[in-house]
Student: 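Before we start, here is the structure in question, set down as structure tokens.
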Amino acid sequence: MTMILESKTVPSLRNSAEAMRRFPFPFSTDSYGYSVNLTPAGQGEAGTYNEHLFDIDEHYRAEFDERRRILSEDHGRRYLTLPHMMEAQWDFLEMSMTHLAAAYPESFTLRQEDDFWHWENYLLGITQDFTFGDPSTLPLEPLEWMGRQMQGDFCLLDQREGDLYLDAGLVTFPADWSLTFDLGMTFEEWHGPVPLAHPAGVFTRAKKFLMNLEIDQPWQRLNWTFTIGPRLETSSETYHLWGRDKSGVTAENAGEQVHLRVEAQVLARLPRSHGVLFSIRTYLIRLDELATNPEWAQRLGRVLESLPPEITDYKGLTDTREAVMTWLKHNQLD
Amino acid sequence: MTSRPQRIVRVTQTELVTPCVKRFTLEDAEGRRLPSWSSGSHVSMTLSDGEHIWRNSYSLIGTPGETRFYQIAVRKEDLSRTKGGSQFLHDQVHSGDTLEIGAPSNYFPLARHAAKHVLIAGGIGITPFLAHLPALRRSGASFEVHYAFRDRVGGAFWEQLCGEYGTYARFYVSEEGSRLSAAAVLAHQPLGTHVYVCGPHLLIAAVSGAAAEMGWPASHVHFEEFAPPPVSDSAPFFVHLPELSLEVKVGVRETILEALERAGVPIASSCRVGQCGTCEMQVLGGEADHRDRCLSEGELHEGKIITCVSRCRGQRLTLALPG
Ligand code: FES
């Protein structure tokens with residue numbers, strides 16, 4: 001029997017007032033409508049989650065520790081990469097280092113002299129000299145080494161023969177999927193089965209969009225679901241651990257149990273390898289934290305009311321939806 | 001899609017490679033690093049002599065990933081088409097001048113999984129291969145290059161290629177009676193070989209025809225034209241944009257995209273040879289004459305049109321602005 005990782009809650013993920021203020025609330029209207037909803041990434045207003053391409057916030061250390069725990073127990077299924085993805089890995093390292101150093105100079109420093117690079121991460125106390133393009137000069141492969149110093153999960157897609165393949169990833173916080181199952185899949189395989197409510201052709205268009213991504217023009221979109229407890233690790237492999245919590249949610253405890261889970265997904269062209277970076281930065285907010293903003297609470301209630309049953313099912317919300325709606329009705333602050 | 005961000009570069013070197021081909025070295029005007037890029041990429045350039053504006057695309061040549069400078073090789077065209085941009089670059093752009101370019105895009109990448117790569121170039125179509133070749137050598141892949149040109153004086157870069165890739169390169173000089181036969185090049189290639197062609201329309205047609213006949217899967221045949229398909233057989237027509245209450249004449253020597261740009265209606269574009277789909281618009285009326293290579297059957301059916309190459313059968317085409 002293989003050892004199964006534990007899906008643990010991370011109590012330190014409670015949000016400060018500032019984290020709540022900048023939470024990426026995903027609904028801009030009162031009703032649910034499927035749309036791809038793309039906006040330029042890293043170009044949002046100052047102080048918002050989308051100000052920078054890679055967002056660093058107060059949960060940096062908690063996420064770093066949680067990822068380290070998961071990787072120490074289950075490395076083989078959380079970090080996977082095919083051999084032809086090494087160039088894309090260096091792309092990822094270059095993109096993340098240059099953006100982080102420019103966005104957070106107090107936390108990261110990058111110096112480049114031809115291929116001799118010097119990196120400092122003051123948050124974790126890391127100092128590293130290395131040769132760009134030579135993996136033997138880094139403690140880990142570029143994707144894993146740099147990915148561990150960031151928040152969120154990272155997938156690298158290879159673009160070839162008119163398709164996109166999920167060929168490398170560091171995925172420790174998936175929302176009910178698994179890198180092990182999906183590695184090597186094409187875009188369609190990875191996104192299927194498509195629920196009925198999605199308009200025909202939406203994935204063909206999305207794929208075309210991705211294949212035409214331009215260098216230096218990254219895009220982002222928000223995706224959402226509910227998670228029970230402050231849990232980042234909700235992979236398919238551990239469903240039996242976190243899935244059972246859903247049945248324990250009632251209209252009474254929903255406020256402390258249910259979290260709105262929002263993924264800010266970034267899509268960017270990797271310039272050297274002509275691959276695509278798909279990064280998933282997860283934000284959690286407890287329902288009672290969310291309800292301190294009456295506008296958000298009201299809007300969430302209305303969106304849940306308008307949610308078509310196929311989507312409720314697809315997102316795995318069938319158990320939770322009613323309880324959340326009732327809790328919101330009882331706790332509406334005027 | 002929004003219009004592409006532009007960047008100002010300075011010409012730091014120009015060099016006549018042949019009497020008709022000039023190499024330009026470009027650096028960021030503010031001394032920053034340029035974006036990284038992969039082999040097969042092109043940059044679009046916005047050129048203006050104060051009176052005309054041209055938007056041309058040129059392949060990046062040299063070692064992929066070079067970010068201190070970019071290099072392009074430009075062939076001076078005769079004035080038969082609206083290729084005045086190349087003419088302008090040759091005659092009026094000098095070291096020290098600045099130019100406006102977009103970020104690199106790639107619609108002609110290498111297929112990383114190919115068992116072997118066969119590159120076939122005609123004339124100035126050699127340019128994307130000047131980046132593919134170092135990339136292939138660096139990756140240790142198996143490859144060969146076939147390069148056809150008219151005469152030894154006019155054939156750009158052949159001596160350099162001969163020196164660097166000797167046994168992997170074959171040259172065909174038509175004035176000396178040596179002709180490239182697509183069928184001969186494609187015969188006896190190992191299973192899983194990919195072929196890449198860049199050059200004039202006829203060469204591309206010959207290679208894709210031979211490949212199809214010999215049963216090569218279409219996914220193993222890649223091509224890029226260095227100029228849009230010839231428009232000599234075309235007649236002028238009008239494009240009507242009801243949203244702007246505007247009617248624009250599209251001349252014989254220009255594309256819909258160029259005519260709209262001239263009229264002050266900028267449409268996002270990238271490859272400008274009918275390959276990427278960026279310049280797509282919706283046909284509301286009239287019959288389109290499709291000449292692109294990117295729309296699917298379904299999209300043709302929906303009335304999409306690729307404005308950088310396609311034209312009109314008849315007098316007038318009514319188009320909607322991109323959403
Ligand atoms: S600009 Fe690429 S198809 Fe027209």
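Naming convention: chains lettered A, B, ... in sequence-line order (proteins, then strands); numbering from 1 in each chain.
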Student: Assess whether a salt bridge exists between B:D292 and B:K304, defined as any Lys/Arg side-chain N lying under 4.0 Å from an Asp/Glu carboxylate O.
Tutor: no
Student: So, A:T48 versus A:E51: side-chain donor-acceptor pair below 3.5 Å or not?
Tutor: no
Student: Which answer fits A:D114, side chain, backbone, both or neither, if we ask what part of it has an atom under 4.5 Å from a heavy atom of chain B?
Tutor: both
Student: Would you kindly say whether A:D163 and A:Y165 are connected by a side-chain donor-acceptor distance under 3.5 Å?
Tutor: no
Student: Please flag which part of B:P64 lies under 4.5 Å from any non-hydrogen atom of chain A: side chain, backbone, both or neither.
Tutor: neither
Student: So what's closer than 4.5 Å to chain A heavy atoms on B:H222: side chain, backbone, both or neither?
Tutor: neither
Student: Quick check on A:Q112 against chain B: is it the side chain, the backbone, both or neither that has a heavy atom closer than 4.5 Å?
Tutor: neither
Student: Working to the nearest 0.5 Å, report the span between CG of A:L156 and CG of A:L82.
Tutor: 10.5 Å
Student: Against chain B, label A:R272 side chain, backbone, both or neither, depending on which of its atoms sit under 4.5 Å from a heavy atom there.
Tutor: both
Student: Between A:R148 and A:L140, is there a donor-acceptor pair closer than 3.5 Å when you use the side chain of the first and the backbone of the second?
Tutor: no
